Amino acid sequence: MVTQSGFFVGIWGGTDAHGRLAHRPAGSLGPRYTITYTIASADRPSSDIVQYVFPYAEPRPITYMPPNQEYWGNAETKGAWFAGNVGFRETLIGLGLPATPLSGAQSPAVGSDVRGDPINTVPGGSLTIPLWIAGALVAVTFVTILTRRRRPPRSVHA
């Protein structure tokens, strides 16, 4: 779920030719859900990072991570709009989201992001994913990346 949602693009920036969007897509994105990731580390304070998910946007689900969310005491998210693949929608449905939007949830409304900036959206609710699962996924991925970078190259003997 973390890689499918564009989490890493939103938190650290960079490019992703398969999903990063330059701006909010036009039109209605459908109901908005909120995912709160808890990032924990043994030597840094834990932090909550918010990402908004529009799982029923067509043709692909859309996410938005607002910039400037503080984590680990001194870092901030870069922020990004991201278009996930259809598999991301299926992942969310597998985690308990309804297969189709709830009736009456299609009329446009204006919400705001964690900084108070308006996001044209429809309120949908919070995605009820246990925070320890999301946090564990982020932690495992982060540790894997760090471990791979620190390993000395293997020597090959002929």
Side-chain angles (χ1 to χ4, degrees), residues 1-41 44-72 75-142 144-145:
M1 184 184 96
V2 175
T3 57
Q4 291 177 321
S5 74
F7 173 85
F8 296 112
V9 174
I11 196 166
W12 290 309
T15 60
D16 182 335
H18 302 290
R20 186 181 181 99
L21 302 171
H23 51 80
R24 183 197 184 282
S28 175
L29 300 178
R32 179 188 78 184
Y33 291 79
T34 302
I35 298 176
T36 302
Y37 299 93
T38 299
I39 303 175
S41 173
R44 296 180 178 162
S46 66
S47 306
D48 289 342
I49 302 293
V50 170
Q51 182 179 44
Y52 300 112
V53 181
F54 305 87
Y56 307 107
E58 290 296 337
R60 303 180 333 178
I62 302 293
T63 65
Y64 174 66
M65 181 180 290
N68 306 317
Q69 296 180 71
E70 292 185 18
Y71 64 96
W72 289 339
E76 292 184 345
T77 60
K78 299 298 180 193
W81 284 97
F82 189 85
N85 59 30
V86 177
F88 177 47
R89 181 179 293 139
E90 298 303 318
T91 297
L92 295 171
I93 291 168
L95 291 169
L97 219 58
T100 58
L102 300 174
S103 63
Q106 291 300 321
S107 59
V110 176
S112 60
D113 70 16
V114 294
R115 297 176 306 151
D117 294 337
I119 301 174
N120 294 324
T121 182
V122 175
S126 294
L127 188 57
T128 55
I129 299 172
L131 293 179
W132 66 269
I133 291 175
L137 289 172
V138 170
V140 167
T141 303
F142 187 68
T144 301
I145 291 168

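Please read these numbers as outputs of a predicted model, since none were measured by experiment.
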Requested in this report: Verify whether one side chain among Thr36 and Asp48 offers a donor that lies under 3.5 Å from an acceptor in the other.
Outcome: no
Query raised in the report: Is Pro61 close to Phe54 at the side-chain level, that is, under 4.5 Å between some pair of heavy atoms?
Result: no
Requested in this report: With the side chain counted from C-beta on, respond yes when Ile35 and Thr63 share a heavy-atom pair under 4.5 Å apart, and no when they do not.
Outcome: no
Query raised in the report: Can you name the side chain to side chain contact (heavy atoms under 4.5 Å, CB included) partners of Arg60, sequence neighbours left out?
Result: Ala83
Query raised in the report: Atom NE2 in His23, atom CH2 in Trp81: separation rounded to 0.5 Å?
Result: 11.0 Å
Query raised in the report: Is a side-chain N or O of Arg24 found less than 3.5 angstrom from the main chain of Gly27, in a donor-acceptor match?
Result: yes
Query - Donor on one side chain, acceptor on other, Gln51 and Tyr64, under 3.5 Å - result: no
Report task. With sequence neighbours left out, write down each residue that passes side chain to side chain contact (heavy atoms under 4.5 Å, CB included) with Thr91, or none if nothing qualifies. Result -> Met1, Gln4, Leu95
Query raised in the report: Do Phe7 and Met65 come within less than 4.5 Å of each other through their side chains, counting heavy atoms only?
Result: yes
Query - Cation-pi, Tyr52 ring and Arg32 (6.0 angstrom, 45 degrees) - result: yes
Query raised in the report: Of the non-hydrogen atoms in Ile62 and Pro25, which two are nearest, and what is the gap between them?
Result: CD1-CG, 3.9 Å
**Report entry** Sub-4.5 Å side-chain heavy-atom contact between Val53 and Leu92
**Finding:** yes
**Report entry** N/O donor-acceptor pair under 3.5 Å between Arg89 side chain and Ala57 backbone
**Finding:** yes
**Report entry** From CZ (Phe8) to OG1 (Thr3), nearest 0.5 Å
**Finding:** 7.0 Å
Query raised in the report: Residues two or more places apart in sequence or in another chain: which of them pass side chain to side chain contact (heavy atoms under 4.5 Å, CB included) with Glu76?
Result: Asn68, Glu70
Query raised in the report: Looking only at heavy atoms, which two atoms of Gly10 and Thr77 are closest? And how far apart?
Result: O-CB, 3.7 Å
Requested in this report: Please list, chain by chain and in numerical order, all residues satisfying side chain to side chain contact (heavy atoms under 4.5 Å, CB included) with Pro98, sequence neighbours excluded.
Outcome: Tyr33, Tyr56, Leu102
Query raised in the report: Heavy-atom distance under 4.5 Å between the side chains of Val50 and Tyr37, does that happen here?
Result: no
